[in-house]
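Chain letters run A, B, ... following the sequence lines, proteins first, then strands; residues in each count from 1. Note that the structure is a prediction, hence the values are computed from the model and not measured.
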There are 2 protein chains.
Amino acid sequence: MSPAQLSRETLLPALAAHVLEQGLGGASLRPLAKAAGTSDRMLIYHFGNKETLISELLGYITGLYSGALDAALGSERPKTRQECVARILAEGSKPEMQAFLVLWWDIVAGAARGFPGYREAAQAMMTKQLTWLEGQMPEGDPDPAGGARMLMTMIEGTLMLSAVGHTDTALQGLLAGGLPPT
Amino acid sequence: MSPAQLSRETLLPALAAHVLEQGLGGASLRPLAKAAGTSDRMLIYHFGNKETLISELLGYITGLYSGALDAALGSERPKTRQECVARILAEGSKPEMQAFLVLWWDIVAGAARGFPGYREAAQAMMTKQLTWLEGQMPEGDPDPAGGARMLMTMIEGTLMLSAVGHTDTALQGLLAGGLPPT
DNA sequence: AGCGCTATGTAGCACTCGCTACAAGAGGAA
DNA sequence: TTCCTCTTGTAGCGAGTGCTACATAGCGCT
């Protein structure tokens with residue numbers, strides 16, 4: 001009966017769940033293995049070494065994030081830019097998104113420091129989010145492409161300020177930018 | 001002759017230099033001690049434990065950052081908001097600021113995950129930067145307080161996107177927001 | 001001189017880290 | 001059967017982790 005043949009594919013979901021709640025910084029083989037119901041020995045067997053494990057894991061998490069964005073596609077598009085911002089910020093404040101957000105800063109830190117795999121993952125996530133945002137821009141917006149990039153920049157700034165306890169600063173910034181997040 | 005009495009104060013500069021180039025993630029006592037010309041034994045002696053060492057170190061680095069901002073105060077204020085943004089982005093792209101920026105994402109990640117000391121440090125740095133920015137707002141700006149917060153949000157978003165290789169996205173966003181960084 | 005306090009060195013502990021050597025079971029191929 | 005490959009378990013290695021026990025040198029105070 002028992003474990004239907006372990007492989008990278010069957011392991012990744014459990015590994016992702018673990019880093020989503022424990023972070024990437026302290027992720028080490030034995031706890032990861034335990035979370036996946038196996039041993040460090042087998043993680044190395046399946047992935048070769050920790051570095052590729054993390055890289056593949058980041059790729060898998062990128063896919064998770066992408067899927068979450070797709071699932072969050074509303075049926076009708078927002079009417080205004082501020083409604084657009086409000087919607088994506090609301091998306092980010094959902095409880096199931098919290099783990100993603102916290103992990104995100106681990107990924108950014110790794111990308112800034114040049115860790116293998118981090119930059120690619122971060123870049124992919126941002127590209128996905130940008131595409132999503134472009135699709136969410138109000139119909140008839142004078143500059144959807146540029147507008148999406150402006151909103152993107154504001155949103156990322158807001159998320160970062162929120163992460164360090166400067167939520168008010170960000171919200172007042174949005175307000176002054178004509179984007180009251182309703 | 002030799003080492004003029006070690007203490008927290010004399011140790012912190014060397015410790016800060018070390019984490020500025022090596023990061024906070026992998027910072028462990030022996031390498032830190034070596035960088036400061038001491039032993040792990042003495043670091044514990046002077047700081048009690050690693051956690052307080054890191055906290056005090058973050059406080060010290062906050063001071064460094066604050067001083068760097070003060071030193072970057074131009075004699076005359078920018079004429080427009082975009083000049084203001086351009087100036088602070090130019091400040092951030094100076095080579096001596098790179099180490100700060102990379103370390104910054106470590107701090108944000110730690111703050112997001114609730115590590116002791118990280119959030120306070122990050123918050124203090126953002127407060128300082130906000131104050132600095134307010135002082136840099138163009139004379140006669142219709143809404144200096146709100147404007148500073150908006151620029152702040154845009155700037156932090158820009159820095160984050162740059163950190164993960166989406167510099168273009170951010171610059172086009174600034175452009176679409178009427179803030180071409182010259 | 002004797003005492004006590006502060007600063008430091010040397011060793012070491014118990015633990016975790018990534019990774020490996022070695023053996024063994026399972027299943028298919030000959 | 002015999003062999004071979006794939007997968008897994010057990011045990012361990014060498015290095016690094018935060019931290020501590022113990023000894024000791026130097027200094028000022030009485």
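- Atom CG of L29(B) and atom P of dA11(C) are 20 Å apart (whole Å).
- Residues that satisfy the side-chain hydrogen bond (donor to acceptor under 3.5 Å, both in side chains) test with D40(B), not counting sequence neighbours, are absent from this structure.
- Between the C1' atom of dT17(D) and the CD atom of E51(B) lies a distance of 16 Å, rounded to the nearest Å.
- Side-chain N or O atoms of R119(B) include none that pairs as donor or acceptor with a backbone N or O of F115(B) at under 3.5 Å.
- Looking at Q123(B), its side chain does come within 3.5 Å of a backbone N or O of G165(A) through a donor-acceptor pair.
- A donor and an acceptor atom, one from each side chain of E9(A) and Y60(A), are nowhere located under 3.5 Å apart.
- Contacts between residues 32-50 of chain A and DNA chain C, defined by a heavy-atom separation under 4.0 Å, are made by D40(A), R41(A), I44(A), N49(A), K50(A).
- Residues H166(A) and E156(B) have side chains not in contact (no heavy-atom distance under 4.5 Å, counting atoms from C-beta outward).
- Looking at R30(A), its side chain comes within 3.5 Å of the base of dG18(C) through a donor and an acceptor atom.
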